[in-house]
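Below is one structure; the comments refer to it alone.
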Amino acid sequence: MTDATLSNLLREERRFPPPADLAEQANVTAAAYDEAAADSEAFWAAQAARLDWAEPWTQVLDWSRPPFARWFVGGRLNVADNCVDRHVRAGRGDRVAFHWEGEPGDTRTLTYTELKDEVSRAANALLALGVQAGDRVAIYLPMIPETVVAMLACARIGAPHTVVFGGFSAEALRGRILDCDARVVITADGGYRKGAASALKPAVDEALEQCPDVRSVLVVRRTGQDVGWTEGRDAWWHDLVAAQSAEHTPEAFDSEHPLYIMYTSGTTARPKGILHTTGGYLTQVAWSHYAVFDVKPETDVYWTAADIGWVTGHSYIVYGPLANGVTSVLYEGTPDTPHQGRWWEIVRKYGVTILYCAPTAIRTFMKWGDAVPGRYDLTSLRLLGSVGEPINPEAWMWYRRVIGGDRTPIVDTWWQTETGAQMISPLPGVSTCKPGSALRPLPGIQAEVVDDAGEPVPNGSGGYLVLTRPWPAMLRTIWGDEQRYLDTYWSRFPGRYFAGDGAKKDDDGDIWLLGRVDDVMNVSGHRISTTEVESALVSHPLVAEAAVVGAADATTGQGIVAFVILRGDAAGKGADEDPAQELRAHVAKEIGPIARPRQILVVAELPKTRSGKIMRRLLRDIAENRELGDVTTLTDSTVMDAIRERLPEGS
Ligand code: ATP
Ligand code: MG
C-alpha cells in the first residue's frame, strides 16, 4: 500500500536488547510465543484461569457465527470481585491500590480494603437508585478516585458503564447518553485542570434537557463550586453513597455480559460505541498488563498517565492493574500545572517504576527541553510504555535517554478501543526493541500486513494491518449498530478484522505502524505515509512535533502540507528565519525528493483529541480550505482558529 522504496523508518538501525536483570526475572519468556502458537485457545484458557471464576466455562471460544465471538462460554464471574475483593480475601487488603494526586496538590491513598468498602457502598447506592443489571450508567467525572469506584460499582452490579471524558461538551455527553440510553449519570461539581476549577455539572444539566429518560444524577463534590440542582433527580455522592452499608455480595455474571461501552476517540470519524464484555476482556487486559509491563505487584509502582475516559484508562488504569493487585498512581491534572516538572515530581514522590503514556506527551516534554526532567531523580523507573499513535524514532530515543536514563526498555504498544487490550508490542524481557516499531503480535494474537487483494505482503513491504483470529478482549459489536460493526471492520477483507491502520514489515518481519489508511497520501502516484514524513521532520533538531496531511493538488494529485511545532530550546533562536526551506530539504534527504512538503507551517499547537491524537482530518479541511468536520472530540477548539491565522492568504 505504501511505497516501500520511500522509507526512512525501515532504515532505522538502532537496537536495544532487554537488560539482563529484567530478562532473568521476567514474568513472561519467549516460551509464551511457542505455547500460544501451538494452541492459542489453551493459551488463553491458562490466562483466564489466573482470574476467579464462580462457574467454569464449558468452551473457550465459540466462533460459530463470525464475526460475533463468545469467549469462555458458560463461565460466570464478577469483575469487581476479581479486581478488589479477591485481593482482600488473599490477605493483601492493606496494599495501596491508588496513590491519588489531585492537581492542586491534595492527595488520597486508597488501599484494596478501602476500595472494596467504597465500591460496595457505591454499588448499594446504585441499587437504591433502582439500577439493575443491564442498565447503562454514564460517568462524567474528573480523574478522581470516585471515577474508579463508580466504574467498579457498575461492574459489580452488572450495569454497563459508559465513561465520557470530563473535557467533553454537553453536546458530546448528550450524544453518548442517548446513543446507549443511559438512565443514570454520575458526575461532579467540577474538577481541576490547568490550575483552576472547571465545572462539569452545568454540562450535565444542559445535556439532560434533551435526555428525558435520565432519572437520577449522582454528584461528587470535588471543587465545592456552586451547582444547579434538580430536586428529585440529583443526589450528592457524600449523602447517598456514604450512608450505604459497606457490605455487598457480588453476583457472578455470564462471561459475555456487557461490561462497558466506550466511544472511540473520533480521530477519523464519528465516534463508535464499542461494546466490551466480561470474561474475555478481563482475561486479556490482566494478562497483557502482567506480561507487557512485567509487573511485580509487591514492589512496582505503576502509572498510566492517561485519562480514564479513554480506553487506555479503562484497561490500564482500572481493570488490568486492579486485576493484578498492583499499586498505581492516579493523577488528576495537566502535566504543566503548576509547573512543567509536575510528572517528574510525581515519579520521584511515589517512586514510580513503570510509566505508560502517549507520544503526544513525550513530544510535548521534548518541546519543553531536557532541563525540566533533568531536575528530578527518575532512577526508580525501570520500564516505559507508549500508546496512542506511532512514536517517532527520535521521540522514542528522547524518552529512553532523558526519562529512562538510557537503561529502560520501551514497550510501544499498538491497540485500539476495539481491541480492548494491547495486541502488538515488545515483551520487555524478551524483545530487542527498535525505536518506532511495535515489533510483533503478542502471544495468542495473530496479525498480518496485507495488500489490496488481501495477500500477506513480503518482508520489506507495506500494506493494511489486519487481525486474522478472534481475541478474548475483542469488541463484540458497535452498540446498537450491528451493520456498522460488519461494514467498518469485517467487509474490507472478509473473515479478517480490518484495523484501519497502515503498517510495514521490515526485513525481520517486525511491524512498523504507519498511521491511518485514511491519512495515506498519494503524491504523483507514490503512496507516502504521514507517519514517515512526520518522523523525518521530528528527526530534525529544530522540530518537536509535526503533523502532515495530503491536500488536493492540481499537478501532483496531492501535495504534502506539514504543520510543525518547534522545540523549546530552538524556538527562540533565529526566530526571524523561516525554517521551512531547511526542513523541506531535510525531508527530501531523509525520504526522497518526492516526499518534500509543498508547504511547511510553523504553529504553536496542533488539533488533538482528548486522548492526545492529532486530528489530521481537521488539518486537511484547513489545507483544502473547507468547513471543519465533526469537532466534538477536539480538546481545544481555539487551536483551529490560531492555525487558520497562520495560513498565508489564499491557501
Ligand atoms: P476513531 O476510530 O473514532 O477515528 P481512534 O481510532 O483515534 O478514533 P482509538 O481507538 O483511541 O480511537 O485509537 C486507536 C488508534 O490509535 C489505532 O487504530 C492507531 O491508529 C493508533 N495507535 C494506538 N496505539 C498505537 C501505536 N502504538 N502505534 C501506532 N498507532 C497506534
Ligand atoms: Mg479507530
Side-chain angles (χ1 to χ4, degrees), residues 9 163 165 172 175-176 261-274 276 288 292 304 306-316 356-362 384-393 395-396 399 410-426 433-442 447 449 464-467 473-475 478 484-485 488-489 497-504 510-520 529-532 534-535 607-618 629-635:
L9 290 177
V163 179
F165 272 130
R176 287 161 175 74
I261 299 158
M262 169 95 254
Y263 290 83
T264 54
S265 304
T267 310
T268 57
R270 183 169 57 87
K272 306 167 273 282
I274 302 301
H276 285 294
S288 57
V292 171
T304 291
D307 201 293
I308 290 184
W310 178 27
V311 72
T312 298
H314 281 48
S315 298
Y316 298 106
Y356 191 37
C357 68
T360 181
I362 298 162
L384 302 174
S386 171
V387 59
E389 285 186 296
I391 179 165
N392 319 103
W396 195 104
Y399 194 25
I410 297 178
V411 287
D412 173 11
T413 61
W414 178 88
W415 59 294
Q416 310 176 298
T417 308
E418 294 88 339
T419 68
Q422 296 158 340
M423 301 292 282
I424 305 178
S425 167
C433 292
K434 303 176 177 178
S437 173
L439 297 184
R440 51 194 284 208
L442 287 167
V449 181
Y464 306 94
L465 182 69
V466 297
L467 302 168
M474 71 191 282
L475 77 166
I478 292 178
R484 195 175 177 200
Y485 172 64
T488 309
Y489 307 110
Y497 172 91
F498 172 52
D501 286 338
K504 271 180 191 176
D510 287 330
I511 294 175
W512 300 69
L513 273 305
L514 296 180
R516 321 308 177 108
V517 294
D518 305 4
D519 290 336
V520 171
S529 102
T530 51
T531 303
E532 299 217 56
E534 288 163 5
S535 288
K608 287 181 185 161
T609 63
R610 271 300 301 277
S611 54
K613 294 173 202 289
I614 299 170
M615 292 176 88
R616 291 181 193 75
R617 65 179 165 84
L618 296 183
D630 185 319
V631 291
T632 52
T633 59
L634 190 64
T635 323

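Read the numbers this way: they start at 1 and go in the same order the structure lists the ligands and their atoms.
In this structure, the side chain of E532 engages the main chain of L9 through a donor-acceptor pair within 3.5 Å. With T413 contributing its side chain and S386 its backbone, the two residues share a donor-acceptor pair below 3.5 Å.
One option in L514, T488, D501 has a heavy atom closer to atom 17 (C) of ligand 1 than any other, and that option is D501. The option from A438, S265, A499, G388 that lies nearest to atom 22 (N) of ligand 1, judged by heavy atoms, is G388. Looking at R516, E389, M615, it is R516 that brings a heavy atom closest to atom 15 (C) of ligand 1.
Every atom of ligand 1 is numbered from 1 in the order shown, and the set under 4.0 Å from a heavy atom of K272 is 1 (P), 2 (O), 3 (O). Close contacts between ligand 1 and W415 involve ligand atoms 14 (C), 17 (C), 23 (C), 24 (N) [criterion: under 4.0 Å to a heavy atom].
Ion pairing between a basic and an acidic side chain is recognised when a charged N comes within 4.0 Å of a carboxylate O; D307 and R610 show such pairing.
Residue contacts with ligand 1, taken as heavy atom pairs separated by less than 4.0 Å, involve T413 solely via the backbone atoms N, CA, C and O.
Atom CH2 of residue W415 and atom OG of residue S315 lie 4.0 Å apart, to the nearest 0.5 angstrom. The distance from atom NZ of K608 to atom CZ of R616, rounded to the nearest 0.5 Å, is 10.5 Å. To the nearest 0.5 Å, atoms CD (E389) and OG1 (T531) are separated by 8.5 Å.
The nearest heavy-atom contact from the protein to atom 8 (O) of ligand 1 is G266 N, 3.1 Å. In terms of protein heavy-atom proximity, atom 3 (O) of ligand 1 is nearest to T264 OG1, 2.7 Å. Ranking protein heavy atoms by distance to atom 10 (O) of ligand 1, first place goes to T417 OG1, 2.5 Å. Atom 29 (C) of ligand 1 has its closest protein heavy atom at P390 N, 3.1 Å. In terms of protein heavy-atom proximity, atom 4 (O) of ligand 1 is nearest to T268 OG1, 2.5 Å. The nearest protein atom to atom 7 (O) of ligand 1, hydrogens excluded, is given as T267 OG1, 2.3 Å; this is a heavy-atom distance.
Residue L513 has no N or O atom closer than 3.5 Å to an N or O atom of ligand 1. The shortest N or O to N or O distance between K613 and ligand 1 is below 3.5 Å.
Close to ligand 1: W310, with a non-hydrogen atom less than 4.0 angstrom away. Contact analysis leaves S611 out of contact with ligand 1, as no non-hydrogen atom separation drops below 4.0 angstrom. Not a single heavy atom of V311 sits under 4.0 Å from any atom of ligand 1.
Under the 30°/60° scheme for interplanar angles, the aromatic rings of Y497 and Y489 are found to lie parallel.
The residue from W414, Y316, W310 that alone fulfils the side chain to side chain contact (heavy atoms under 4.5 Å, CB included) condition with V387 is W310.
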